[in-house]
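Proteins come first, then strands; the chains are lettered A, B, ... in the order of their sequence lines, and each starts at number 1.
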Amino acid sequence: MEYDFKNIESKWQAYWAAHKTFKAEGNSGKPKYYVLDMFPYPSGAGLHVGHPLGYIASDIFSRYKRLKGFNVLHPMGYDAFGLPAEQYAIQTGQHPEKTTSINIARYREQLDRIGFSYDWDREIRTCDPDFYKWTQWAFLKMFDSWYDPDADKARPISELVGKLEKEGYGDVTAEQWAKASEKEKSDILMQYRIAYQGETSVNWCEGLGTVLANDEVKDGLSVRGGFPVEQKKMTQWQLRVSAYAGRLLDSLDSLNWTESLKEMQRNWIGKSEGTEVVFNTVCEGKELPVTIFTTRVDTIFGVTFMVLAPESELVASLTSSGQKKAVEEYIKEVRKKTERERISETKTVSGVFSGSYGINPLTGEKIPIWISEYVLAGYGTGAIMAVPAHDSRDYAFARKFGLPIVPIIEGCDVSESSFDAKEGKMCNSGFLNGLDVKVAIEKAKDYVEEKGLGRRKTNYRLRDAIFSRQRYWGEPFPIYYKDGIPTPLPESELPLRLPEIDSYKPTGEAPLARAKDWTYKGYPLETSTMPGFAGSSAYYFRYMDPRNDKALVDKEVNAYWKSVDLYIGGSEHATGHLIYSRFWNKFLYDLGYVCEDEPFRKLINQGMIQGRSNFVYRIVGTNKFVSCGLKGKYDTTEIHVDINLVHNDKLDLEAFKAWRPEFSDAEFELENGEYICGWAVEKMSKSMYNVVNPDDICDTYGADTLRLYEMFLGPLEQSKPWDTKGIDGVNRFLKKFWRLFYDRGEWIVTDEKAGPEELKSLHKLIKKEQEDIENFSFNTTISAFMIALNELSALNCCKREILEPLVILLSPFAPHITEELWYALGHDDTVTYARFPEFIAAYAAEDNVTYPVQFNGKMRFTVDMPKSATPAEVEAAVRGMEQTQKYVDGLNIVKVIVVPGRIINIVLK
RNA sequence: GCGCGGGUGGCGAAAUGGUAGACGCGCUAGUUUCAGGAGCUAGUGGGGUAAAACCUGUGUGAGUUCGAGUCUCAUCUCGCGCACCA
């Protein structure tokens with residue numbers, strides 16, 4: 001039998017599907033392991049070879065864990081709500097559901113060819129009403145909860161209502177509560193709910209006709225579509241993610257994620273510990289206390305002015321009549337600018353004097369109040385004290401408007417720029433004089449608190465998540481408006497199904513407003529839908545218990561599977577999905593619906609696979625193409641050529657001529673009889689003709705080769721270009737592997753006893769494979785296989801005792817070929833559940849270790865020692881050897897260093 | 001500006017402080033079948049030699065060590081993330 005990968009692969013894929021080989025059991029008493037991929041958005045373009053990289057890695061690990069005796073949950077689904085399907089619907093009028101299911105079918109077909117071990121019975125789709133019922137359910141729970149700062153967790157809103165009735169809460173007394181109308185009560189509670197409706201400055205994208213979250217905007221453009229985004233005040237549904245900022249930050253430490261990813265989240269959460277200080281202000285005789293936030297109270301003696309954000313509510317009351325016109329004009333200017341312009345103009349300084357003054361609470365000094373866009377309304381209190389000597393932004397502002405700069409650290413030079421460092425001794429600072437800055441910070445904080453001028457405060461950059469989208473293809477909100485009051489739908493009405501609408505074209509109003517009878521008991525239903533991250537925030541719970549229609553996940557089932565042990569996906573979700581999921585999970589945990597407060601214990605970011613584009617060089621004004629090495633001789637134009645016409649950078653001339661009509665009469669200037677193409681690493685994309693389709697690789701080389709090669713390409717977490725060159729090597733490996741079993745189609749495996757050399761090769765491999773897989777170092781594991789294979793082929797090894805474990809070891813990587821060989825070896829079960837530990841236990845320890853012997857660090861000879869010998873025994877043996885005496889040659893042995901199992905170094909003098 | 005990673009052959013890359021460059025690609029030579037983008041064997045950091053020996057070599061400079069690609073400090077450089085966040 002020859003290695004016919006096509007038949008082998010389709011045969012075993014059909015077998016696995018028919019026998020549900022990878023069906024995860026319920027609580028079977030086995031230890032569980034939950035391996036999850038970030039589920040894909042099924043786009044119309046299908047998969048390219050970059051997409052399965054993470055899936056292959058997680059599949060290898062899943063199969064490895066199964067061999068080790070774990071009950072593995074390894075599911076897959078689709079993040080199926082989203083903009084592209086809707087935009088396609090706008091263009092074509094086709095229902096997004098239809099596009100989506102066509103794309104899903106295509107994805108499934110491609111995934112199946114790679115031989116993944118998913119339990120497809122647990123497939124989920126976020127656009128499926130049975131699924132989004134639970135997204136809506138969670139929203140209702142959030143609507144019905146508030147964040148209790150005393151307990152530091154979410155509690156049912158009924159508890160807050162209880163407090164309000166009894167003793168009042170916050171600014172609201174029990175009396176006021178009792179007298180409040182239904183609408184007023186709703187407004188009060190809205191300030192506390194985890195899911196709440198509120199006016200906020202949002203990223204409005206006119207091009208998409210919807211609001212976007214911060215992580216959906218990059219450089220002032222929408223991530224999807226690249227349309228300009230502007231700031232606009234709107235009433236929107238929001239999630240009180242900010243209430244969880246502290247916990248989201250703290251529990252990062254307990255997670256087994258990469259440091260860089262944790263750091264990204266820390267930056268995004270943006271904790272800063274500082275002080276709120278109250279400054280009294282005077283505007284045309286009227287006094288008004290203004291609270292500012294600073295991390296450097298110690299610099300308060302250097303304050304020479306204050307600045308308000310243009311959007312701050314204080315602006316109106318602190319503008320003098322004389323400055324009113326100037327201020328209004330300035331604010332108008334700022335509003336006109338989009339976020340994009342504000343970012344691109346970071347170097348220009350603008351601002352206007354408000355006409356009023358503040359009083360420095362420590363010095364009693366009168367200081368002017370300015371308004372400038374460099375102060376943000378959404379952070380801190382929207383007002384700052386400016387210390388130009390020690391803050392670069394304040395410095396630039398002071399320079400521009402001629403405001404005084406007072407240094408308060410001894411000997412610092414502020415003639416050219418501000419002195420931002422946190423070191424030195426204080427001066428010009430009253431009671432802080434002479435203190436070291438670090439000491440002064442604490443002392444100043446204490447002082448401000450003691451005198452009642454302010455208090456310590458921790459601020460976070462993390463904002464609440466805006467949760468409404470004015471779109472069609474998303475989850476409808478289970479909310480209706482009863483006399484204008486947002487009211488939750490009863491749980492029994494879930495799922496609230498997405499209605500049909502007659503046209504998807506944007507009209508300025510939300511698409512759902514077009515739906516007929518979009519009402520509940522005669523009251524209008526909410527017309528916006530939920531954003532993309534809604535469905536992906538808790539999907540990993542549904543895989544545990546996908547068909548449960550009574551609960552998100554059954555308590556016992558959840559207690560068994562707990563949380564995701566290994567999550568693999570791209571780092572681009574660091575500040576989106578991965579924050580929202582953690583928030584969502586902690587919320588469910590607070591209310592006791594799930595048993596773990598973090599969703600993903602270990603997380604690996606696979607790198608991107610970039611494309612490797614090929615170029616041909618056309619001599620300008622002709623239809624003649626020169627090979628890359630000769631292009632310097634001519635004036636040429638570089639043209640992307642479809643990489644399918646190129647093999648190992650050599651162009652297939654006939655295929656090239658047939659590619660496009662204008663090349664049909666192309667002429668070539670060759671080097672050494674071949675046309676060599678140029679190349680470059682670029683993003684994998686259609687327009688660069690460098691997309692590699694996994695289907696094509698499966699056709700030419702087979703899925704096993706694809707899997708091995710993607711892993712062999714380099715470290716998993718690193719980005720690397722796809723380079724088809726090396727794939728032959730991996731394919732060769734599989735062919736050779738096959739030849740250990742079949743020689744010219746004849747079965748050659750024997751039951752002979754294995755020799756020591758053969759055993760040694762096998763044992764080395766077993767050791768290496770176990771270590772490397774646990775560290776996700778799959779490229780080196782495959783190398784180890786290649787070494788073992790070379791050694792065994794050289795020994796002409798064809799013994800079952802060696803080959804059977806080899807098949808098991810390779811099976812996570814190349815499941816099809818190993819399944820076929822396992823069957824050929826006479827097993828009637830599948831290799832997936834081969835008793836790995838039993839096979840591996842058979843491996844005996846090597847008897848001897850070969851030590852290199854060094855003199856003063858230079859290797860001279862090697863010596864074989866029993867593995868069990870202690871360092872002292874090794875030393876004694878080496879000292880007494882004839883060879884040693886030869887190298888000592890009259891010198892003294894200072895000492896002998898024996899590193900067990902590694903090396904012997906003899907230090908001479 | 002702040003933070004996080006990296007810099008090793010022609011290329012992708014390996015090296016618990018212990019023989020640097022495993023493994024693969026590419027290249028060179030030989031060989032076998034030739035229908036192959038095939039198989040097999042050997043070589044492949046640089047210098048050096050008839051062949052060895054030997055010298056040198058992990059961005060740069062210092063340090064710790066019997067011994068450093070690996071640890072420490074400084075420096076150059078590339079990539080990524082965040083950023084008027086007070």
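- Residue Lys735(A) is out of contact with every strand shown, counting any heavy-atom pair closer than 4.0 Å.
- For the pair Glu710(A) and Lys720(A), the salt-bridge criterion is not met [side-chain N within less than 4.0 Å of a carboxylate O].
- The side-chain tip of Arg732(A) does not point at the ring of Trp738(A) from less than 6.0 angstrom away and within 45° of straight on.
- Distances shown here put a side-chain N or O of Arg739(A) below 4.0 Å from the OP1 or OP2 atom of rC40(B).
- Each of Tyr379(A) and Ile727(A) was assigned the nucleotide of RNA chain B with the nearest heavy atom; the assignment lying further toward the 5' end belongs to Ile727(A).
- Here, rU19(B) and rC66(B) have their C1' atoms 16 Å apart, quoted to the whole Å.
- The residue Ile384(A) sits close to a base: some heavy atom pair falls under 4.0 Å.
- A search for ring pair (Phe, Tyr, Trp, His ring centres under 6.0 Å) contacts involving Phe785(A) returns nothing, not counting sequence neighbours.
- If you measure from atom CG of Leu653(A) to atom P of rG37(B), you get 14 Å, rounded to the nearest angstrom.
- Rounded to a whole Å, the CZ atom of Phe733(A) is 16 Å from the C1' atom of rC25(B).
- Spacing between rA13(B) and rC80(B) at atom P, rounded to whole Å, works out to 16 Å.
- Listed pair Arg266(A) / rC4(B) fails the phosphate criterion, with no side-chain N or O lying under 4.0 Å from OP1 or OP2.
- Ser392(A) has no side-chain polar atom (N or O) that falls below the 4.0 Å cut-off from OP1 or OP2 of rC84(B).
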With the criterion being N/O to N/O and under 3.5 Å, what pairs connect the protein with nucleotides 64-68 of chain B, and how long is each?
residue, atom, partner, partner atom, Å
rC66(B), O2, Asn905(A), ND2, 2.1

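- Side-chain atoms of Lys895(A) and Asn905(A) include no donor-acceptor pair closer than 3.5 Å.
- Stem regions for RNA chain B, each three or more consecutive Watson-Crick or G-U pairs with both distances under 3.5 Å and listed by first number, read B:1-7 with B:76-82, B:10-12 with B:23-25, B:26-31 with B:39-44, B:45-47 with B:54-56, B:59-63 with B:71-75.
- Between the P atom of rA83(B) and the CG atom of Asn267(A) lies a distance of 8 Å, rounded to the nearest Å.
- Met306(A) has its side chain within reach of Ile367(A): a pair of non-hydrogen atoms, C-beta onward, lies under 4.5 Å apart.
- As a whole-Å value, the separation of Met711(A) CE from rG24(B) C1' is 16 Å.
- A salt bridge links Arg266(A) and Asp253(A); the closest N-O separation between the charged side-chain nitrogens and carboxylate oxygens is under 4.0 Å.
- Comparing the same atom, P, in rG12(B) and in rU8(B) gives a spacing of 8 Å after rounding to whole Å.
- The separation of rG69(B) from rU60(B), taken at their C1' atoms, amounts to 14 Å, rounded to a whole angstrom.
- Picking from rG3(B), rA86(B), rA22(B) the nucleotide with the shortest atom distance to the side chain of Glu263(A) gives rG3(B).
- Salt bridge status for Lys764(A) with Glu791(A): present, with a side-chain N to carboxylate O gap under 4.0 Å.
- The Asp391(A) side chain lies nearest to rA86(B) when the options are rC4(B), rA86(B), rC82(B).
- In this structure, Lys262(A) atom NZ and rC82(B) atom C1' are separated by 18 Å, rounded to whole Å.
- Going from atom CD of Glu717(A) over to atom P of rG81(B) covers 16 Å, rounded to whole Å.
- With a glycosidic angle no more than 90° from 0, rG9(B) adopts the syn conformation.
- Distance noted for atom P between rC25(B) and rA20(B): 25 Å (whole Å).
- Rounded to whole Å, the C1' atom of rA22(B) lies 24 Å from the corresponding atom of rC71(B).
- By the ring pair (Phe, Tyr, Trp, His ring centres under 6.0 Å) test, Tyr701(A) is found to be paired with no residue, residues two or more places apart in sequence or in another chain being considered.
- Salt-bridge formation is not detected for the pair Lys767(A)/Glu769(A): no Lys NZ or Arg NE/NH1/NH2 atom is positioned less than 4.0 Å from an Asp or Glu carboxylate oxygen.
- Side-chain contact annotation: Ser350(A) with Glu373(A), donor-acceptor N/O pair under 3.5 Å present.
- Partner of Asp704(A) under the side chain to side chain contact (heavy atoms under 4.5 Å, CB included) criterion, chosen from Phe733(A), Tyr3(A), Phe737(A): Tyr3(A).
- Taking the P atom of each, rU16(B) and rG26(B) are spaced 28 Å apart, rounded to whole Å.
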**OP:** Could you please spell out the steps behind the side-chain hydrogen bond (donor to acceptor under 3.5 Å, both in side chains) verdict for Asn690(A) and Ser613(A)?
**Re:** CA-CA 5 Å; Asn690(A) 61 4; Ser613(A) 313; 3.0 Å; yes
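- Distance OH (Tyr3(A)) to P (rG39(B)): 15 Å, rounded to an integer number of Å.
- A close approach under 4.0 Å does occur between a side-chain nitrogen or oxygen of Arg732(A) and OP1 or OP2 of rG39(B).
- Distance CG (Asn790(A)) to C1' (rU41(B)): 12 Å, rounded to an integer number of Å.
- Across all strands, Tyr701(A) comes closer than 4.0 Å to base atoms (heavy-atom distances).
- For the pair Val315(A) and Ile331(A), the minimum side-chain heavy-atom distance is below 4.5 Å.
- Residues satisfying the ring pair (Phe, Tyr, Trp, His ring centres under 6.0 Å) criterion with Phe397(A), sequence neighbours excluded, are Phe305(A), Trp370(A), Tyr374(A), Phe401(A).
- For Asn605(A) and rC80(B), the shortest distance from a side-chain N or O to OP1 or OP2 is not below 4.0 Å.
- For the P atom pair drawn from rG46(B) and rG57(B), the interatomic distance equals 16 Å after rounding to whole Å.
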Show me the protein contacts with nucleotides 8-17 of chain B, counting only N or O atoms at under 3.5 Å.
residue, atom, partner, partner atom, Å
rG12(B), O2', Leu713(A), O, 2.6
rA13(B), OP1, Gln718(A), OE1, 2.7
rA14(B), OP1, Asn779(A), ND2, 3.4
rU16(B), O4, Arg902(A), NE, 3.2

